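Worksheet: the structure to be examined is printed underneath.
The basis for the numbers below is simple: all heavy atoms, side chains too, and nothing from hydrogens, waters or symmetry mates. Residue indices begin at 1 and follow the sequence shown. Counting convention: from 1, in listed order, for ligands and their atoms alike. Computed from a predicted model, the values in this text were never measured in an experiment.
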Amino acid sequence: MEFEAVIGLEVHAQLKTESKIFCSCSTRFGAEPNENTCPICLGMPGVLPVLNKKAVEYALKACLATHCEIEPTNRFDRKNYFYPDLPKGYQISQFALPIGRHGRITLQGNGTPKVIGITRIHMEEDAGKSIHGDNLGNPGKSYVDFNRTGVPLVEIVSEPEIRSAEEAREYLITLKSVLEYTEVSDCNMEEGSFRCDANVSIRPVGQKEFGTRAEVKNINSFKFVQKAIEYEIERQTQIIRQGDQVVQETRLYDANRGVTFSMRSKEEAHDYRYFPEPDLVPIVIDEAWIQQARSELPELPEEKRERFVSEYGIPPYDAGVLTADKALSQYYEQCIAVFNQPKAVSNWIMSELLRELKNDDKEITDCPVSPEHLGQLLKMVDDGTISGKIAKTVFEEMFRTGKSPDAVVKEKNLVQISDTGAIQALIDEVIADNPEQAEQYRSGKDKVIGFLVGQVMKKSQGKANPGLVNKLFQEKLRG
Ligand code: ADP
Ligand code: MG
Ligand code: ZN
C-alpha cells in the first residue's frame, strides 16, 4: 500500500517591537538572564497588562501580507497551564477570535505554483526559557530566564495542505521571506525569532480522512524541519505497515541523532481552560486602520518577482532566486543601476556571488563585494578591459579583500591584452612550437583552433583577448 504525508505547520514569529507586548521591558536579545523583567512580565499578583499598539500593527501587517481576513473585533484569551517558565500560570494568547483568518501562502515550486492555506494568525506572549544544568559543573541544577516572557509573537497556523518535507521547507522559506519583506519580524532563527512546530500524519493514497498526527515541537532550522518530517513519515509508515496505530502525541527532534522522540501525550484545547482575558479590552480594528496598514506595506516578494520578470526581462526562475531574500533583491537592483544588463548581472549573482557566500557561510548583508563594485567589474568585462575568465579571478580577490575591481586589476596587472602586435608575437611563437597543429588548421581542420588559442591564452596568463586571438589566427593561417 502507498502512503502520502499530510503536514500542517505552526510558526511562531517574534514581532520586532522594542518593548514587550504587555509591559515596557526591552525585547533585546542577549541581555543578562532576567535583566529584561518587571513585575508585569514576572506575573506578580495584582499587576495589569497594557497592550503594546505596535505589536498589533505588526500582527495586522503580517495578516495583510498573507491575505488574511481581519477579525474586526478580536480579543485575547487566557491559556492555562503550569510550567516553570510561565510565571503567571497562564499565557495570554488569542483563541476564539484571532486577529486574522483564511490567508494563504503561494509556493512557486518548480514552475507550478501551489497555494497553502493559512488557517489563522493570532497574537500571543512568549514564555520564558528553562536552562537545565549550568556551565559550572552542576548538571542537576535548573534555571529559568524570564527575558523572553512577554515578548510579542504571532502564531501562524497552516492548513494541513502540505504533502512533503520538501514542500514544508519551501513553505517556511516563503513565509519567512514574506515576514522579512513586511518588516514585522527579523525572523532570526538562531535567536528563536522564527520557530516551527510540524504536525505530521500519513494516510493511504486515495483516502480522504486524515490519519492520526504527531506534533514535533520547536524546530529552529529549515534543515531540521525537513529531516524531522522525513523521519516522522518513515516512522509512521512502519508503524502502520506493522498493523499498529500512530499515537497522537507531542514529540521532540534530536538533531544529533536525527530522530524524533516522544515528549508527552497531546493535550486538547479543552485542557487549557481557555477563557477571555478579563484584564484586556477587545481590540477593534476598523477599516481606516486596515487601509493605513495596507498602504504602509512594502512591495512583497511575489510582486517583486513579477516586476523583475517584466521590467528586467529575466526568467521567472532567476527572479524567484533574486527576490527570495529582500537584501539580495536590493543588491541586484543596486548592481543593475551601475551596469544595466539585467541577465548578465543575474547570472553573475546566481553563480559566482551566491557560491562564494555559501562557501564562506555569509549572508548577502555581509557580502564583502559591494553591488557597485560588482557592477564595475561586469562593466570592465563588457568593455574588454578584462576577459570573462580573468573576471572570476578578480572577483575572488574582491571577495577576499573587499577591494574595488579597478584596484585588483591594476595591482595584479590583469588588464586584457588587446594590442594586435603583442598578440601577433605570441601567435608566431605558438605556431613555431606547434607546427603540426598549425598545419592541420591551415588545411581545414577547424577543431584545432581551440588548442591553438588555448596555447596563446596560456602564454599570456589568460590576459589575451580570446576573440582577437581567434581572429588573428584565422587571418594568419587562412587569410
Ligand atoms: P494544536 O494547536 O492543538 O496543535 P491546531 O488545530 O491549531 O492544534 O492544529 C495544528 C496544526 O495541525 C495545523 O497546522 C493543522 O493544519 C495541522 N493538522 C491538523 N490535523 C492534522 C493531521 N491529521 N495531520 C497533519 N496535520 C494536521
Ligand atoms: Mg500545535
Ligand atoms: Zn516586563
Side-chain angles (χ1 to χ4, degrees), residues 3-12 17-28 31 34-44 47-52 55 77 79 81 87-88 91-96 98 101-105 116-122 124-128 145-152 155-165 167-168 171-172 175 196-204 207-218 225 228-229 232-233 236 240 245-251 263-272 274:
F3 293 95
E4 75 170 348
V6 171
I7 301 158
L9 299 179
E10 296 161 84
V11 167
H12 286 93
T17 56
E18 305 253 316
S19 57
K20 294 187 179 180
I21 186 166
F22 301 123
C23 64
S24 58
C25 289
S26 167
T27 55
R28 190 174 69 84
N34 295 307
E35 192 181 323
N36 300 337
T37 56
C38 73
I40 294 174
C41 52
L42 289 175
M44 297 294 172
V47 295
L48 290 171
V50 176
L51 178 59
N52 181 342
D77 298 285
K79 180 179 184 179
Y81 65 94
K88 291 199 295 293
Q91 178 192 26
I92 304 181
S93 181
Q94 295 194 301
F95 181 62
R101 269 194 275 233
H102 309 309
R104 63 176 187 277
I105 285 283
I116 304 293
I118 287 177
T119 316
R120 53 188 273 143
I121 295 185
H122 67 253
E124 62 185 27
E125 58 177 341
D126 205 350
D145 178 358
F146 292 117
N147 283 345
R148 285 202 77 93
T149 336
V151 161
E155 177 172 336
I156 302 166
V157 182
S158 89
E159 289 290 312
E161 294 173 343
I162 297 164
R163 290 289 172 270
S164 69
E167 217 170 83
Y171 170 87
L172 291 174
L175 175 61
C196 169
D197 302 343
N199 297 269
V200 183
S201 66
I202 60 164
R203 65 179 171 189
Q207 179 182 305
K208 257 188 127 63
E209 297 77 38
F210 291 150
T212 307
R213 72 178 146 128
E215 180 179 22
V216 190
K217 277 272 182 211
N218 267 329
V225 171
I229 293 174
E232 264 311 295
I233 294 173
Q236 295 181 16
I240 292 181
Q245 282 182 342
V246 174
V247 182
Q248 173 150 340
E249 62 184 351
T250 301
R251 300 177 70 87
M263 175 166 86
R264 54 174 141 92
S265 68
K266 172 81 187 148
E267 61 292 313
E268 304 284 342
H270 62 247
D271 293 329
Y272 288 121
Y274 280 104

At what distance, to the nearest 0.5 angstrom, does OH of Tyr274 lie from CD of Gln94? 11.0 Å

Please walk me through it: do Ser201 and Val246 pass side chain to side chain contact (heavy atoms under 4.5 Å, CB included)? CA-CA 8 Å; Ser201 66; Val246 174; over 6 Å; no

With the side chain counted from C-beta on, respond yes when Thr149 and Thr37 share a heavy-atom pair under 4.5 Å apart, and no when they do not. no

Answer with side chain, backbone, both or neither: which part of Thr119 has a heavy atom less than 4.0 angstrom from an atom of ligand 1? neither

Return yes when atom CD of Gln207 has more than 12 non-hydrogen atoms of other residues, nucleotides or ligands closer than 6.0 Å, and no otherwise. yes

Quick one: does Thr212 get an N or O within less than 3.5 Å of an N or O on ligand 1? no

Would you say Ser201 has any N or O atom under 3.5 Å from an N or O of ligand 1, going by distance alone? yes

Is a side-chain donor or acceptor of Thr212 paired with a backbone partner of Gln248 at a separation under 3.5 angstrom? no

Mark up the atoms of ligand 1 that fall under 4.0 Å of a heavy atom belonging to Val157, in ascending order. 13 (C), 14 (O)

Could you tell me the angle subtended at the Zn ion (ligand 3) by SG of Cys38 and SG of Cys25, rounded to 10°? 100°

If hydrogens are left out, which of Gln248, Glu215, Arg213, Lys217 has an atom nearest to atom 9 (O) of ligand 1, that is, the closest non-hydrogen atom? Arg213

Just by modelled atom types, is the Asn36 backbone N or O under 3.5 Å from a matching donor or acceptor in the Asn147 side chain? yes

On a heavy-atom basis, I'd like to know which of Ala214, Ser158, Gly211, Pro160 is closest to atom 13 (C) of ligand 1. Ser158

Only heavy atoms of Val6, strictly under 4.0 Å: list the atoms of ligand 1 that pass. 24 (N), 25 (C)

Considering only heavy atoms of Glu159, which atoms of ligand 1 have at least one such atom less than 4.0 Å away? 16 (O)

I'd like to check which ligand 1 atoms, numbered from 1 as shown, lie under 4.0 Å from a non-hydrogen atom of Phe210. 23 (N)

Do any N or O atoms from the side chain of Asp126 and from the backbone of Gly150 form a donor-acceptor pair under 3.5 angstrom? no

Regarding Asn199 and Glu10, is there a side-chain donor-to-acceptor distance under 3.5 Å anywhere? yes

Quick note on ligand 1: atoms under 4.0 Å from a heavy atom of Gly8 include exactly 14 (O), 16 (O), 17 (C), 26 (N)

